[in-house]
Asks: 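The structure is given below, and queries will be raised subsequently.
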Amino acid sequence: MDVSNINFLAVVAAGLSAWILGSLWYSKALFGKAWMEAVGLTEEQIASGGVAKTISLTFIFGLIMAFNLAMFFYGSPEAAEAITAGSGAFYGFLTGFGWIFFVIATNALYEQKSWGYIFINGGFWTVAFTIMGLILGAWK
C-alpha cells in the first residue's frame, strides 16, 4: 500500500467532519434526547463521564477511520485515479451502511438494545462515512 497518494489535509477534514456531525447528531436539537433514552443515560451521567476525554478520543478515532477509508481510495495509483466525489460518497455510504450499520445492529440485538438505538447510531455512521467519502473523493 502506498500512502503517497493520500491527501492528509483531506483526511483531517474528513475526520473532523465526523466529529462535527457527531456533535450535531447527538445534540438535543436532533437525536440527543432519544439517544440518551436508548442507552439509559441522563445528562448528569454524561457530564460526569469525562467529556473532554471523550471529545478528544472521538476526534482521534475519526482521524483513524478517515485514514483507513483513504487507504481504500488511494492505496494504489489506479484506485487514486478512479475515485471522485460521487464514487467517494457512494463507497463511504456502503462502508457506513453495509458494514458499520449492521455491525451495530448485530451487537445491539445481542445486547437487547432498541431499534431506536440501532437507527440512531447506525444512521450516524452511515451519514458520517458518506460525508467522509465525499470529502476524500473530492479533495485529491
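Starting from 1, each residue takes its place in the sequence as its number.
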Asks: Angle between ring planes, Phe102 versus Phe97, binned at 30° and 60°: parallel, tilted or perpendicular?
Replies: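 Judged by the thresholds at 30° and 60°, the geometry between Phe102 and Phe97 is perpendicular.
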
Asks: For the ring-ring contact (aromatic ring centres under 6.0 Å, His included) test, which of Phe119, Tyr26, Phe124 pairs with Trp35?
Replies: Tyr26

Asks: So, using side chain to side chain donor-acceptor pair (under 3.5 Å) as the criterion, who are the partners of Glu43 when residues are at least two apart?
Replies: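 For Glu43, the residues satisfying side chain to side chain donor-acceptor pair (under 3.5 Å) (neighbours in sequence not counted) are Lys28.
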
Asks: Anything under 30° is parallel, anything over 60° is perpendicular, the rest tilted; go ahead and classify Phe129 against Trp125.
Replies: tilted

Asks: If you take all heavy atoms of Ser114 and Ala38, which pair is closest and at what distance?
Replies: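 Answer, listing the atom of Ser114 first, then Ala38: OG-CB, 4.0 Å.
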
Asks: Within a 6.0 Å radius of atom CZ on Phe59, are there more than 12 heavy atoms belonging to other residues, nucleotides or ligands?
Replies: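 Yes, enclosed.
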
Asks: So, do Phe67 and Ile6 sit near enough that their side-chain heavy atoms are less than 4.5 Å apart?
Replies: yes

Asks: Hey, any chance Val103 and Phe61 share a hydrophobic cluster, counting ILVMFWY side chains that come within less than 4.5 Å of each other, even indirectly?
Replies: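 No, Val103 does not connect to Phe61 through the hydrophobic network.
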
Asks: Check for me, please, whether Leu134 and Phe73 land in the same ILVMFWY cluster - side-chain distances under 4.5 Å, paths through other members count.
Replies: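 No; Phe73 is not reachable from Leu134 via cluster members.
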
Asks: To the nearest 0.5 Å, what is the distance between CG (Leu69) and CD1 (Ile64)?
Replies: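 Answer rounded to 0.5 Å: 14.0 Å.
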
Asks: Does Gln112 CD have over 12 foreign heavy atoms under 6.0 Å away?
Replies: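 Not more than 12 within 6.0 Å, no.
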
Asks: Would Trp139 and Leu63 show up in the same hydrophobic cluster when neighbours are defined by side-chain heavy atoms closer than 4.5 Å?
Replies: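 They do share one cluster, since a chain of ILVMFWY contacts under 4.5 Å joins Trp139 to Leu63.
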
Asks: Indicate the atoms forming the closest heavy-atom contact of Met132 with Ala14, along with that distance.
Replies: CG-O, 3.2 Å

Asks: Using a 6.0 Å cut-off, check whether atom CZ of Phe31 has over 12 heavy atoms from anything other than its own residue.
Replies: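 Yes, CZ of Phe31 has more than 12 neighbouring heavy atoms, counting only those of other groups under 6.0 Å.
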
Asks: Could you tell me whether the side chain of Trp25 and the main chain of Ile120 form a donor-acceptor pair under 3.5 Å?
Replies: yes

Asks: Distance check, rounded to the nearest 0.5 Å: Phe90 atom CZ versus Leu94 atom CG?
Replies: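 Between atom CZ of Phe90 and atom CG of Leu94 there are 4.0 Å.
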
Asks: Any chain of hydrophobic side-chain contacts (each under 4.5 Å) joining Val39 to Tyr110?
Replies: no

Asks: Does any N or O in the side chain of Trp19 come within less than 3.5 Å of the main-chain N or O of Ile55, such that one atom is a donor and the other an acceptor?
Replies: yes

Asks: Can you see which heavy atom on Ala80 is nearest to which on Asn5, and at what distance?
Replies: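 In terms of heavy atoms, the two residues are closest at CB-CB, 4.0 Å.
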
Asks: Counting N and O atoms only, with roles assigned by atom type, does the side chain of Ser87 sit under 3.5 Å from a partner on the main chain of Ile83, one being a donor and the other an acceptor?
Replies: no

Asks: What pairs meet the salt bridge (charged side-chain N to carboxylate O under 4.0 Å, His left out) rule with one or both residues in residues 129-140, with sequence neighbours excluded?
Replies: none

Asks: Over all heavy atoms of both residues, which pair between Val127 and Leu21 is shortest? Give the atoms and the distance, please.
Replies: CG1-CD2, 3.6 Å

Asks: Counting N and O atoms only, with roles assigned by atom type, does the side chain of Glu81 sit under 3.5 Å from a partner on the main chain of Glu78, one being a donor and the other an acceptor?
Replies: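 Not confirmed, Glu81 side chain does not pair with Glu78 backbone.
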
Asks: Looking at every non-hydrogen atom in both residues, tell me the closest pair between Ala108 and Ile118 and how far apart they are.
Replies: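 So the two residues come closest at CB-CG1, 3.4 Å.
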
Asks: Please determine whether residues Leu24 and Val51 belong to a single hydrophobic cluster, defined as Ile, Leu, Val, Met, Phe, Trp and Tyr linked transitively by side-chain heavy-atom distances below 4.5 Å.
Replies: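 Yes, Leu24 connects to Val51 through the hydrophobic network.
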
Asks: At their closest point, which heavy atom of Ser17 faces which heavy atom of Ile131, and how far apart are they?
Replies: OG-CG2, 3.6 Å

Asks: Between Tyr117 and Asn107, is the side chain to side chain donor-acceptor pair (under 3.5 Å) condition met? List the steps.
Replies: CA-CA 11 Å; Tyr117 173 93; Asn107 288 347; over 6 Å; no

